[in-house]
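In what follows, a structure is listed as structure tokens, so that the remarks can point back to it.
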Amino acid sequence: MALRMIGAVIRRCGLQSYTRLCLVRRYSSAGQADPKPLTVCLQQEGIRRITLNNPRQRNALSLAMLQSLQNDILRDIDDVALRVIIIAAEGPVFSSGHNLKELTPEYGKDYHTEVFNTCAKLMTSIQAIPVPVIAQVNGLATAAGCQLVASCDIAVASPKSKFATPGVNVGLFCSTPAVALGRAVPRKVALEMLFTGEPITAHDALLHGLISKVVPEENLDTETTNIAHKICHTSRSVVALGKATFYRQMAQNLDDAYRLTSQIMVKNLALKDGQEGIAAFSQKRKPVWTNSVD
């Protein structure tokens with residue numbers, strides 16, 4: 001479906017309308033190339049849409065999938081044409097988390113270490129990059145899949161979506177997913193999910209702060225894209241400064257957080273786009289953003 005979508009969009013908009021079309025090949029455990037990409041990446045009008053494209057394996061975050069997703073996120077990340085990233089998935093499962101077949105003794109400790117280190121790097125990079133990342137969830141997100149949703153800046157889900165950290169039920173506690181989950185929902189909610197492995201509904205996920213919004217499945221793509229377009233209408237440099245500051249101050253105590261953000265507000269005013277925004281407001285016109293870091 002993802003590949004058919006590429007063809008349809010190119011026929012409708014023309015190839016030149018794309019900033020980027022990237023297909024990342026995946027490889028089987030036998031080392032032979034599989035013609036179906038693990039992720040499909042499209043970029044148009046400032047919005048980069050990355051689709052997890054391995055529904056037959058429940059979009060498991062294998063090492064290859066993690067690397068593919070990381071490459072798609074970081075590719076040309078400093079290009080001012082890129083304004084926002086959407087992460088979606090093919091099939092009824094957003095992501096089932098790590099591929100448990102890769103976590104067997106046959107793969108060995110070094111491989112297991114690489115899997116978890118790569119996953120941690122991916123999750124931290126989502127919050128470190130200068131553009132917002134939106135998770136578009138239309139199905140089950142478990143373990144590292146739930147971690148991925150929790151790590152995104154914004155998450156929009158359909159009512160049928162569910163979220164769980166069921167590792168405890170197979171003898172592998174979701175310790176790394178707990179890092180993102182525990183920073184997104186109240187502690188007791190996180191611990192119940194971690195200790196029981198039971199899923200929560202999309203509405204409970206919204207109630208507890210794991211996701212931003214629940215919308216009907218038929219409106220999911222439209223609503224997510226609308227949010228992305230709203231971000232595209234803002235200044236990239238201002239959003240980048242604000243995003244970095246938000247995550248930095250969240251790790252500080254109250255006094256340090258206010259000290260930091262007061263300094264950042266002054267820095268923001270000195271930006272060209274900070275000055276343009278204030279001038280446009282005073283002159284009752286729409287701002288013309290430069291997206292400059294100056």
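Being a predicted model, the structure only gives us computed values, none of them experimental.
With hydrogens and angles disregarded, no donor-acceptor distance shorter than 3.5 Å links the side chain of Arg248 to the backbone of Leu260. Gln275 contributes a side-chain N or O that, together with a main-chain N or O of Ala270, makes up a donor-acceptor pair within less than 3.5 Å. Under a 3.5 Å cut-off, the side chain of Asn53 and the backbone N or O of Val40 do not form any donor-acceptor pair. Looking at Thr113, its side chain does come within 3.5 Å of a backbone N or O of Lys109 through a donor-acceptor pair. Between the side chain of Thr165 and the main chain of Cys174, no donor-acceptor pair closer than 3.5 Å is present. Not a single donor-acceptor pair under 3.5 Å links the side chain of Lys213 to the backbone N or O of Thr224. Judged purely by atom type and a 3.5 angstrom limit, Arg83 uses its side chain to pair as donor or acceptor with the backbone of Thr234. Glu276 contributes no side-chain N or O that, together with a main-chain N or O of Trp289, makes up a donor-acceptor pair within less than 3.5 Å. The backbone N or O of Arg259 sits nowhere less than 3.5 Å from a side-chain atom of Ser262 that would complete a donor-acceptor pair. For the pair Ser212 (side chain) and Val156 (backbone), a donor-acceptor distance under 3.5 Å is absent.
Using modelled atom types, one finds no donor on one side chain facing an acceptor on the other under 3.5 Å when comparing Gln57 with Ser62. Inspection of the Glu90 and Asn59 side chains reveals no N or O donor paired with an N or O acceptor under 3.5 Å. Side-chain contact check for Thr222 and Thr225: no donor-acceptor pair (N or O, by modelled atom type) lies under 3.5 Å.
If you take CG on Leu122 and OG on Ser151, they are separated by 7.5 Å, rounding to the nearest 0.5 Å. Here the CG-CE distance, from Asp204 to Met193, works out to 9.5 Å after rounding to the nearest 0.5 Å. The distance from the CG atom of Leu69 to the CD1 atom of Ile85 is 9.0 Å, given to the nearest 0.5 Å. Within the model, atoms CG of Leu63 and CD of Glu102 stand 6.0 Å from one another, a figure rounded to the nearest 0.5 Å. Distance OH/Tyr107 to CG/Asn99: 7.0 Å, rounded to 0.5 Å. Rounding to the nearest 0.5 Å places CG of Leu241 at 8.0 Å from OG of Ser237.
The number of heavy-atom neighbours closer than 6.0 Å to CG of Leu74, taken from other residues, nucleotides and ligands shown, is above 12. Heavy-atom neighbours of Tyr258 OH from other residues, nucleotides or ligands within 6.0 Å: at or below the threshold of 12. In this structure, Glu192 places its CD atom where only 12 or fewer heavy-atom neighbours from other residues, nucleotides or ligands lie under 6.0 Å away. Around CZ of Arg187, the count of heavy atoms belonging to other residues, nucleotides or ligands within 6.0 Å does not exceed 12. Within a 6.0 Å radius of OH in Tyr247, more than 12 heavy atoms belonging to other residues, nucleotides or ligands are found. Summarising the local packing, NZ of Lys272 is surrounded by 12 or fewer heavy atoms from other residues, nucleotides or ligands at distances under 6.0 Å. Residue-environment remark: CG (Asn253) exceeds the threshold of 12 foreign heavy atoms within 6.0 Å.
Ile231 and Ile73 end up in different hydrophobic clusters when Ile, Leu, Val, Met, Phe, Trp and Tyr side chains are linked at under 4.5 Å. When hydrophobic clusters are built by joining Ile, Leu, Val, Met, Phe, Trp and Tyr residues whose side-chain heavy atoms come closer than 4.5 Å, directly or via intermediates, Leu140 is not grouped with Val149.
The two residues Thr142 and Pro166 come nearest to each other via the heavy atoms CB-CD, 4.0 Å. Shortest non-hydrogen contact noted between Leu220 and Asn138 is CD2-CB, 3.5 Å. In this structure, Asp78 and Arg236 approach most closely via the heavy-atom pair CA-NH2, 3.5 Å. When all heavy atoms of Ala141 and Cys146 are compared, the pair lying nearest together is O-CB, 3.6 Å.
Within the 4.5 Å cutoff, the side chain of Pro132 has heavy atoms near those of the Val239 side chain. Contact check for Val137 versus Ile211: no side-chain heavy atoms found under the 4.5 Å cut-off.
In summary, Glu198 and Lys162 do not engage in a salt bridge, as defined by a charged side-chain N under 4.0 Å from a carboxylate O.
Pairs of residues two or more places apart, or lying in two chains, that qualify as ring pair (Phe, Tyr, Trp, His ring centres under 6.0 Å) and include a residue from residues 116-155 are His98-Phe116.
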